[in-house]
2 protein chains.
Amino acid sequence: MKITIKHIGEMAGVSAAAVSKALNGHSDISEETKTRILEICKQVGYTRNEIARNLAKGKSNMIGLLIPDISSPIYSEVFKGLDIQAREHGYCLFLCDTNRDIELEKKYVRTLMEKRVSGIIVAPVSNSVDHIEEITRNSIPIVYIGGKVNDNMGNYVTVDNFYGSKTAVDYLIKLGHREIYMVCDRDNTKTMADRIKGYETVMQENNCNPVVYVDGAGRKWRESGYFQTKHILSLGKIPSAIFCSSDMVAIGVMEAVLEKGLRVPEDISIVGYDDAAFASLPTINLTTIAQPKFEMGKKTFNLLYKIIKSHNSDYKNREIVKPELVIRGTCIQLKGN
Amino acid sequence: MKITIKHIGEMAGVSAAAVSKALNGHSDISEETKTRILEICKQVGYTRNEIARNLAKGKSNMIGLLIPDISSPIYSEVFKGLDIQAREHGYCLFLCDTNRDIELEKKYVRTLMEKRVSGIIVAPVSNSVDHIEEITRNSIPIVYIGGKVNDNMGNYVTVDNFYGSKTAVDYLIKLGHREIYMVCDRDNTKTMADRIKGYETVMQENNCNPVVYVDGAGRKWRESGYFQTKHILSLGKIPSAIFCSSDMVAIGVMEAVLEKGLRVPEDISIVGYDDAAFASLPTINLTTIAQPKFEMGKKTFNLLYKIIKSHNSDYKNREIVKPELVIRGTCIQLKGN
DNA sequence: CTGAAAGCGCTAACAT
DNA sequence: ATGTTAGCGCTTTCAG
């Protein structure tokens, strides 16, 4: 039998209400009784019941977080940024790993509603979020994040992929490269489209011929980079640089390049995208575009917080953050420049 | 104003109790009214209130999970194993990232108690867990996991580090190596002690001289592997193989070896420990000992579940799982064998 | 089969 | 400054 404020009240010779006030630091209670009550709580090891508390207050100070895969390093960093910010504002994050499964995503949204969370942050599994809004019916603030974000979603924070891509290719151009290919894995998101657009824009600005490979075989990540590059290298004409749609793709690209007996960066320069955890490992040392993951986490929480506080559940609070070039060892200055 | 079972009751012309029964699939209600009630719930978009429900039932079907750092790949895999198992048994995981901070760990334990979770799984930040047991006071089942586990903890599931280490060194011996060093970073856990013991045991069994470097400068991970190896290589005598206390250490070791102009595995074979996510990357391709992370997650939940169900909060339910050698490309068969 | 009533532990007016 | 009284929304005996 757990001990309640009523018990504490009896022990202290006061009412339960008084105990509640003491516990919550209300002002309408004398310092003296307050300390006495608190003392007793400590002594008997009282632990307040959040469940009852939340019911009485009609809220839960929890924020639901839907993530496609927490073992993906990018999301775990975002999580940490969110977490620290949430704690600072007295909220708890409730993490749900949707495992890239729409059904599970729906199930979790329902769970979160039942738990009466104050808001939801979701990195959606798919480009459309109709299935989740159908459940929430506008009854709770939602902020979207992640690679699937697009303008059909209401509130979101995302990163400027067009800008990131431009930065990467600009850098390559500055290094004297002109034959720069882009290789992408299969991913029909706005994120990907923007990255490609950024690449094409810079190429055209510099009168270079854009060559983008998008995986037609439906492969993803490293596998996609590997096989596409194998194909490219078999064609005879070798680009001086390859810009990859992600670091995982870059890994596959490097693999194929090395296998062919070519060197990185001496023969081919490579730029990735994401700044995944492994990108900084010595034997990889990949030059790449860094997503400000931790920052994004913070910004996202702050945006949600603002919406919650303003009770303005209405649409289109958006924030776009800028990524950054991280120069490591996979690019080389072209001779004669 | 949220809609409650009372409202539903009114609409259906029944009592709130009846609605509750329908919602929970109790048998003492006619099929007919039940379907009518459920129909209405669907139509008006009723979402049951878990908070009230939990209060009434006196429990929360949540399991607290304390992890030092969710961005560490090993923990995120464990999480996923736990998660899937928890879901299957109708529980929710409540993840708390303690950020390797004892104070935060304590704070979260308190939070979990307040939330009346059914049990706690903790990968502790430190070798001692007194600070957490002081808070829980045996009032809730706890299972410990992770690298800090030792016999001072009650219930735990861990992996057989002695065995894992033996397996690694046995493999090296079989490959014809006799001059095998072990390099460890700073980490005074039982885990580390067991790994060292396993190494020493096999070396002695084979009449080889064990040489273990433990970082005296207090460095960790890659940095530790790097500097210690640099030192080793400066000594003139080069071992034919290095067994590392972790994959991160192995990365540092490789870095130093490569920097010295030596090749892996032609000049020096390397074995890691953990099978971190990056170990399988093409340019790393590290032979290592794999922790059955996902499996461990499952086993851990099952153990906790057993304890919860048996109401036997008493001590020393333990499970030890066996790691496995993963052969990749950083070891070579010695000539003349 | 159905409903009335009590209560889970706490908070928040509203008295006193 | 303190206590009284109602709930919060649901579950659960216990009658009918």
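Reckoned from all heavy atoms, side chains included, excluding hydrogens, waters and symmetry mates. We name chains A, B, ... by the order of the sequence lines, and we start the count at 1 in each one. These figures come from a predicted structure and were not determined experimentally.
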- request: For salt bridge (charged side-chain N to carboxylate O under 4.0 Å, His left out), just list the numbers for A:E295 and A:K298, CA-CA rounded to whole Å, side-chain angles, deciding distance to a tenth of an Å, and then say yes or no.
  value: CA-CA 5 Å; A:E295 255 334 277; A:K298 283 189 158 189; 5.1 Å; no
task: Establish, from distance only, whether the side-chain atoms of A:N61 and A:R116 form a donor-acceptor pair under 3.5 Å.
output: no
query: B:N49 side chain: which of D:dC10, D:dC8, D:dT11 is closest?
result: D:dC10
query: B:K57 NZ to D:dT13 C1': how many Å, rounded?
result: 16 Å
- line: Here the distance between atom C1' of C:dC8 and atom CD of A:E50, to the nearest Å, is 15 Å
query: Regarding B:K115 and A:N49, is there a side-chain donor-to-acceptor distance under 3.5 Å anywhere?
result: no
field: Between D:dT11 (C1') and A:L55 (CG): distance, integer Å
entry: 12 Å
- request: Taking all non-hydrogen atoms of both residues into account, name the closest pair between A:K80 and B:P68 and its distance.
  value: NZ-O, 4.5 Å
message: Rounded to whole Å, how long is the line connecting atom CD1 of B:I8 with atom P of D:dC10?
response: 9 Å
- request: Grab the CZ-P distance between B:R116 and C:dG9 for me, whole Å please.
  value: 8 Å
message: Generate the contact string for nucleotides 1-7 of chain D. Rules: B means base contact, S means sugar-phosphate contact only, - means no protein heavy atom under 4.0 Å.
response: SBBB--B
- prompt: Quick one: A:H7 NE2 to C:dG9 P, roughly how many Å, whole number?
  reply: 8 Å
- request: Decide if atom NZ of A:K6 counts as having more than 12 heavy atoms of other residues, nucleotides or ligands within a radius under 6.0 Å.
  value: no
task: Pick base, sugar-phosphate or nothing for A:N54, based on heavy-atom distances below 4.0 Å to the nucleic acid.
output: nothing
- prompt: Of the non-hydrogen atoms in B:R87 and A:D97, which two are nearest, and what is the gap between them?
  reply: NH1-O, 4.4 Å
Whole angstrom value for the distance that separates P of C:dT11 from CD1 of A:I37: 12 Å
message: Could you tell me how far apart B:H26 (NE2) and C:dG3 (P) are, to the nearest whole angstrom?
response: 16 Å
